[in-house]
Every structure is written in C-alpha cells, then in structure tokens.
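Data first, discussion second: the structure below is written as structure tokens.
Side-chain atoms are counted along with the backbone in the values below, which use heavy atoms only and exclude waters and symmetry mates.
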2 protein chains.
Amino acid sequence: MTLSILLAEDDIELNSAIEEALQCEGFTVTCCHSAEQALDEAEQQKFDIALLDLVMPGMTGVDAIAALRRLQPGIGIVITTAFATVDTAVDAMKRGADDFVTKPFNLTTLATTLRRVQAQRQPALTLPEEEANKVFSALSNPMRRAVLQQLALHKKLRFMDLCRLAGVDNHTQFNFHLRQLKQSGLVEQNANKIYFLTTHGQQMVQFIAASSDE
Amino acid sequence: MTLSILLAEDDIELNSAIEEALQCEGFTVTCCHSAEQALDEAEQQKFDIALLDLVMPGMTGVDAIAALRRLQPGIGIVITTAFATVDTAVDAMKRGADDFVTKPFNLTTLATTLRRVQAQRQPALTLPEEEANKVFSALSNPMRRAVLQQLALHKKLRFMDLCRLAGVDNHTQFNFHLRQLKQSGLVEQNANKIYFLTTHGQQMVQFIAASSDE
DNA sequence: CCCGGTTGATAAGTTCTCTTATCAGAAGTG
DNA sequence: CACTTCTGATAAGAGAACTTATCAACCGGG
C-alpha cells in the first residue's frame, strides 16, 4: 500500500533529496516550501502523513499541526528540525505531533519512521457498518449502559450481583439485555460465569459519564 | 478542588522537597520511591496526576506509563528527569506522557504545570446520561449514521443533496431522521439551510467506518 | 434430600420507533 | 404568473424493541 506524504521543507536541496529518497522507498510525495502551502494542499487531497520542518518562513511546522488535524484528523504528523531542544520537542509532541526527528537524519530510517507512524495512526476504534449498528443499538438502552458502567467500575461481576448493581428487579428482563450486550461484543462471560468488558466495551464506556450513584 | 498527586522519586531529599512544596500549593501528595510502589498505590486509590522520575531503580517512569494508563485511564502523567535529551523526551511523550519536565525545576512552576495538565486531561468526550441516551439512540439507526458519514465527507450540504447522498427516496422520512439528529446535538443547520456536523457529531463519526460507496 | 439462590430461554403482550402519506409554505426558474 | 423544487410538520399505521410471566436446570448449604 502506497503511503502519500505531504512534505513541507523550505530548504530546496533537502526538499529534493527527501522527495527522491521517499519516492525510491515507494511513497507518493507532494512537496511544499511552506506550511501555508501544505495546508492548501491538505484542503485538496488526503494524505497519510505530513512531514513538516519545524522552522520555516511564516507559519512553523508546529503552528500547522492543529489546522492539519482539523482538515484531516487521521493524518500522521512528523516534525523535523536541525535545532532540536528538549523544550521544542516536548512542545511539538504536546501539540499533537506523532514523532520528532532531528537533522541530519538517515533517509532510510526516516522511511521506517513514517511507516511506523502510519501504522500507529489507526483510529483507536472504527466500527464497520454492521458492527456500528450492533454497538449503537446496544447502547441506546439505559439498562445496557448501566451494565457497562458497573463493569467499568467493578471489573468482574457475577450475573445477579451485576443485576442488583444495575438496579433491576426482574432478572429475566436483565438476562435479555445482557444477552444483547454479549451479542454486540461489548461484554463477555468467562467459564466461571463472571462477566467483564471486552476491549470494545472498555473503549465505548469511556463516553458514558460514570453513574453518580454509589 | 484539591488535586491528588502520585509522586515517584527515588532521591529522598528531592522527594520531601517536592511533597512539601506541592502540599503548600494545596495538592494532596502520595510519595513513593519507585515506580513499582507507585503502581501499587494506583491500584488502591484514584489520582489526578502522576509525577514520575524518569530514572529510578527497577522500572523507569516511562516504563510505568502504560500500566498506569490501564489502571487509571484519566490520570495525567508528568515525567521528570535530570538527564534530558531530545530522544528521551520524545520517547516519553510518544509513550503517553502529558508533559516532560527537566531538573532542576522551579517548584511553583511545577505546580502550575500540574494544574494545566489536569485541566487538559478532561476526556475528549464524556456524555452525561441524558445526552448519552440521545446520542446512542440517534446513532442506532443506519440512515442517521449515513447522514453523519456524508457530512464528514462533504462538510456542508443542503437538505435534498444530503437526502440523495444518503440514498433516501422519501424526503419526509429523511426529514424525520434529520430532526432527530438535530435534537441529539450531532448535526446543525445554519441560516442558509446548510447542514453540518457539530463538535459532538465530528467526534462520534470517527467511530463509524467511512461508507464504501462513492 | 430439600430448600433457596443462581442462571438462563422463550412466547406473548406492551411500548416505542420508524415509515408512509398527506398537507403546506417558500424559493427559484422560465 | 405558473410550475418545479426545496424544505418542513404531523397523524396514523406498521414494524421492531422491550417487558413480563412461565418454565427449567444447576449448585450450594443445612
């Protein structure tokens, strides 16, 4: 799979060298000489990774991070600089860069870094249509949301304990809903009949504010 | 609001100095002399922020980040070190630290950093119960998910264009669902009758894989 | 061995969500 | 000015989701 790179580097010779080297490594490269140009390109076309020099005339690479994220939330961002300090590195990472590379750098190593950044940029959770249907339907019910909240709090629970914590009197009603959570892949039960959240369940429960009781 | 700090610093004198200074600034401080101790404490008690020395006997502060995140996903993490390099700073940030502070540091400035980290650690999106009900109910329907996908792709659309892109023939059916998305706070319409995603809508649509058509 | 608690399935009825048709006003175009 | 397209509300019916009661097997404790 060919990765598309958005390169912003004001040094003409270095810009050409990086473009050539990355093309040899199988990337598609779009070259800019300023962050402003890069943002213009990002409005026109989707990129996998932005490779931005820290210091350029006008907007810096770090200044461009927030705008790039707004345009393309999934884009990987790597900042390059010749004048690295701990403070500038930390600031870039805090502002959303995925990596920070100090010049001079080995071009083959750079290619490896770009591939790794791309691999790690997968959204934490993206649901295919059928799975999105299951998950959102499952969580449209208040009782089922309460189940996730209690499992987030208590980690592992037996059926009747979970039923009571969720505040449900009719255990067969509760059983029906618990089955639906299992079928949606948000909750699982081990061999000892203990219920717990799956990885998906843990991810989805983050969006539900903790219950205010207990 | 009193912030609770989990401090891991093997230098005894510095540990005491930091504890005293942060207590004077109104924090609650739990002191440990190793990352292992800090993880034990984190299993017992919830903290707002972990302040971890990078280099300690046994597990380093950076090694502890992933385990701490698992125990307390909302915790802020600040790494301190006397031997800062760009590489160690970038590595710590990549592994999930919220900030990176180089020794020696001003203790008042440290307190300010801790408060700022805590303020920025708010989860990106946590829905109170009533809002969670609205949002999950709204997204349990495939037509309404299609609306979010098209608005993510096209940014701004008029009613009938959106209706056609979503593949719906009956515009009054579509109108009914669009109203529900507006009422759920996921979609808005401007004065020119143009529909677009709200901040919540943009956040939720990330979880829905892009439609494979077009 | 009996009783109480736990775990679980399912059919039928109730409630809620969605679809559909009807109706209507506004705006743009020829 | 008339026609077409756009935008929108809503009532009634259809379909889906949820509740409820019945039934049953298993396990632990006395």
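Side-chain atoms of B:Arg158 and B:Asn192 form no donor-acceptor pair, as typed in the model, at a separation below 3.5 Å.
Across B:Leu181, B:Val187, B:Asp161, a single residue satisfies side-chain contact (heavy atoms from CB on, under 4.5 Å) together with B:Tyr195, and that is B:Val187. Checking B:Val62, B:Ile79, B:Leu54 one by one against B:Asp91, the side-chain contact (heavy atoms from CB on, under 4.5 Å) holds for a single residue, B:Val62.
The phosphate of C:dG8 (OP1 or OP2) has a side-chain N or O of A:Lys193 nearer than 4.0 angstrom. A close approach under 4.0 Å does not occur between any side-chain nitrogen or oxygen of A:Tyr195 and OP1 or OP2 of C:dT6. Checking the phosphate oxygens (OP1, OP2) of D:dA9, a side-chain nitrogen or oxygen of B:Arg179 falls inside 4.0 Å. The phosphate of D:dG8 (OP1 or OP2) has a side-chain N or O of B:Gln189 nearer than 4.0 angstrom.
If you take CG of B:Asp169 and C1' of D:dT5, they are 16 Å apart, rounded to a whole angstrom. The CG-C1' distance, from A:Leu178 to C:dA9, rounds to 14 Å in whole Å. If you take CG of B:Asn190 and C1' of D:dT7, they are 14 Å apart, rounded to a whole angstrom. The nearest whole Å value for the distance from the CG atom in A:Asn175 to the P atom in C:dT6 is 14 Å. Whole-Å rounding puts the B:Lys182 NZ to D:dT7 P distance at 11 Å. In this structure, B:Leu139 atom CG and C:dT17 atom C1' are separated by 15 Å, rounded to whole Å. Computed from coordinates, the A:Leu181 CG to C:dT7 P distance equals 16 Å when rounded to whole Å. The CG atom of A:Asp161 sits 14 Å away from the P atom of C:dG5 (whole-angstrom rounding).
The nearest pair of heavy atoms linking A:Glu9 to A:Asn15 is O-ND2, 2.8 Å.
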Mark up nucleotides 12-28 of chain D, 5' to 3', with B wherever a protein heavy atom is under 4.0 angstrom from a base atom, S wherever such an atom reaches only the sugar-phosphate, and - elsewhere. ------SBBBB------

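A perpendicular orientation is assigned to the rings of B:Phe207 and A:Phe207, their planes being inclined by more than 60° (bins at 30° and 60°). The aromatic rings of A:Phe159 and A:His171 lie perpendicular to each other, with more than 60° between the two planes, well past the 30° mark.
Once rounded to the nearest 0.5 Å, the distance linking CG of A:Leu110 with CZ of A:Arg115 reads 10.0 Å.
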